[in-house]
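Worksheet for the structure shown next.
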Number of protein chains: 2
Amino acid sequence: MTGHRNETHPEATPAPAPADVALKLEEFLPYRLNVAAGLVSQALALVYADRHRFSLPEWRVLVTLGQFGMMTAKAIGAHSHMHKTKVSRAVALLERRKLVTRRANRADLREAFLSLTPAGRDVYGELAPAALAFAGQLMDAVDSADRPALDRALTRLTERAAQLAPEFANTNGDR
Amino acid sequence: MTGHRNETHPEATPAPAPADVALKLEEFLPYRLNVAAGLVSQALALVYADRHRFSLPEWRVLVTLGQFGMMTAKAIGAHSHMHKTKVSRAVALLERRKLVTRRANRADLREAFLSLTPAGRDVYGELAPAALAFAGQLMDAVDSADRPALDRALTRLTERAAQLAPEFANTNGDR
DNA sequence: TATTGTTATACTCTATAACTATA
DNA sequence: TATAGTTATAGAGTATAACAATA
């Protein structure tokens with residue numbers, strides 16, 4: 001895929017020299033996404049860093065269970081883009097902290113139904129509004145006219161990247 | 001965008017007991033950014049995974065030097081959002097591979113001017129177009145009418161997240 | 001004393017595979 | 001044989017601080 005031709009820009013290039021399409025890191029989309037996601041994660045960590053200290057996988061499990069109420073580990077992984085080993089370990093940690101509980105599925109003993117304990121729901125009820133407020137603070141920085149486009153763009157980029165990414169027909173989600 | 005009241009579930013639902021929390025992971029901006037950035041990075045890795053195998057810090061140093069020609073490690077870190085230790089190690093690896101060379105600054109012997117070797121420029125000249133083509137493939141997935149908004153939104157989000165993130169008045173950039 | 005850059009250390013994550021128990 | 005989930009292992013990546021050399 002070492003394409004050279006510059007056919008990927010349908011709209012007219014404002015640049016005077018069409019031949020010289022320079023790679024500028026600060027304009028390079030993967031870099032910008034990485035920096036943005038990293039800073040956002042770092043800032044978000046403050047929301048649940050003081051009282052509780054959750055890893056990102058734990059946070060995702062907590063939120064997913066808070067959202068859906070009860071589901072299997074596999075379903076959690078599918079919904080939160082996490083490999084089954086990540087889910088397994090995150091669930092184990094949350095169980096140890098009495099925030100998640102499991103109930104065997106008598107129809108299929110390989111899996112179990114996971115859900116938040118009352119304590120888990122308390123934590124979720126405390127963190128979810130804070131997380132939403134945080135996302136609101138972020139979104140407030142974006143011009144309201146640009147928000148629908150951002151939403152669409154993120155969806156398309158994720159789809160496309162998933163197509164281009166390696167091993168996506170695997171057992172579970174990724175990384 | 002902190003959606004509040006959510007009365008869309010009149011029927012008895014077993015799950016969310018506390019305040020009607022409308023936190024949906026799949027709509028949560030930090031999560032979406034994380035997933036998008038992760039998949040994009042994974043896909044991008046294919047661009048420089050076969051021949052050369054660069055870590056992300058190495059890739060950033062290479063691109064930054066390719067873009068600016070010659071600069072100090074500190075300047076590289078500032079431009080590519082990397083801590084000095086990351087830059088130091090990435091540069092050391094690239095030097096070992098004869099892709100980067102250093103020249104002492106006789107006006108200040110603490111620092112050195114780094115630049116790509118001819119071999120480094122060859123690699124850059126090979127990878128940069130591939131990277132641009134990759135970014136083009138990504139961008140092609142986004143409706144062209146949405147691209148300027150995406151650009152603005154990413155800038156604003158990064159700014160805001162940097163404000164909200166911890167310890168950003170530090171010595172250097174972050175992670 | 002402050003700054004550039006390097007190194008050491010410990011720690012967190014992660015991927016991968018191997019394994020279990022069920023189906 | 002296939003699937004849900006767990007555990008083992010090893011490797012990569014990271015942050016932090018301590019350090020050396022120079023200013």
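Throughout, protein chains are lettered first and strands after them, A, B, ... in sequence-line order, and every chain is numbered starting at 1.
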So, are B:D151 and A:R32 salt-bridged, with charged N and O less than 4.0 Å apart?
yes
Taking only Lys NZ, Arg NE, NH1 and NH2, and the carboxylate oxygens of Asp or Glu, determine whether A:D140 and B:R160 approach each other closer than 4.0 Å.
no
Measure the distance from [atom1] on [X] to [atom2] on [N] and round it to the nearest whole Å.
X	N	atom1	atom2	result
A:H83	D:dT6	NE2	C1'	11 Å
B:L109	D:dA23	CG	P	4 Å
A:M82	C:dA15	CE	C1'	15 Å
B:E58	D:dG13	CD	C1'	12 Å
B:R96	C:dT6	CZ	C1'	12 Å
A:R89	C:dT14	CZ	C1'	9 Å
B:K74	D:dA21	NZ	P	21 Å
A:I76	D:dT6	CD1	P	10 Å

If each of A:E95 and A:R110 is mapped to the nucleotide of DNA chain D with the nearest heavy atom, which maps nearer the 5' terminus, i.e. the 5' end?
A:R110
Given DNA chain D, 5'-ward residue of the pair B:A107 and A:D108, judged by closest heavy atom:
A:D108
Look at the rings of B:F68 and B:H79 and say which category their plane angle falls in: under 30° parallel, 30 to 60° tilted, over 60° perpendicular.
perpendicular
Considering just the side-chain nitrogens and oxygens of [X], establish if one lies under 4.0 Å of OP1 or OP2 belonging to [N].
X	N	value
B:K86	D:dA15	yes
B:K84	C:dG5	no
A:R102	D:dT6	yes
A:R106	C:dA23	no

Here's a test of your reading of the structure: between A:N105 and A:L56, which maps to the more 5' nucleotide of DNA chain C?
A:L56
With sugar-phosphate meaning primed atoms plus P, OP1 and OP2, does B:T72 contact a base, only sugar-phosphate, or nothing at under 4.0 Å between heavy atoms?
sugar-phosphate
When all nucleic acid strands are considered with a 4.0 Å heavy-atom cut-off, which category describes B:A112: base, sugar-phosphate, or nothing?
sugar-phosphate
If you define the side chain from C-beta out and look only at heavy atoms, does anything of B:R60 sit under 4.5 Å from B:L56?
yes
For B:E58, which of B:R89, B:R97, B:R53 qualifies under salt bridge (charged side-chain N to carboxylate O under 4.0 Å, His left out)?
B:R97
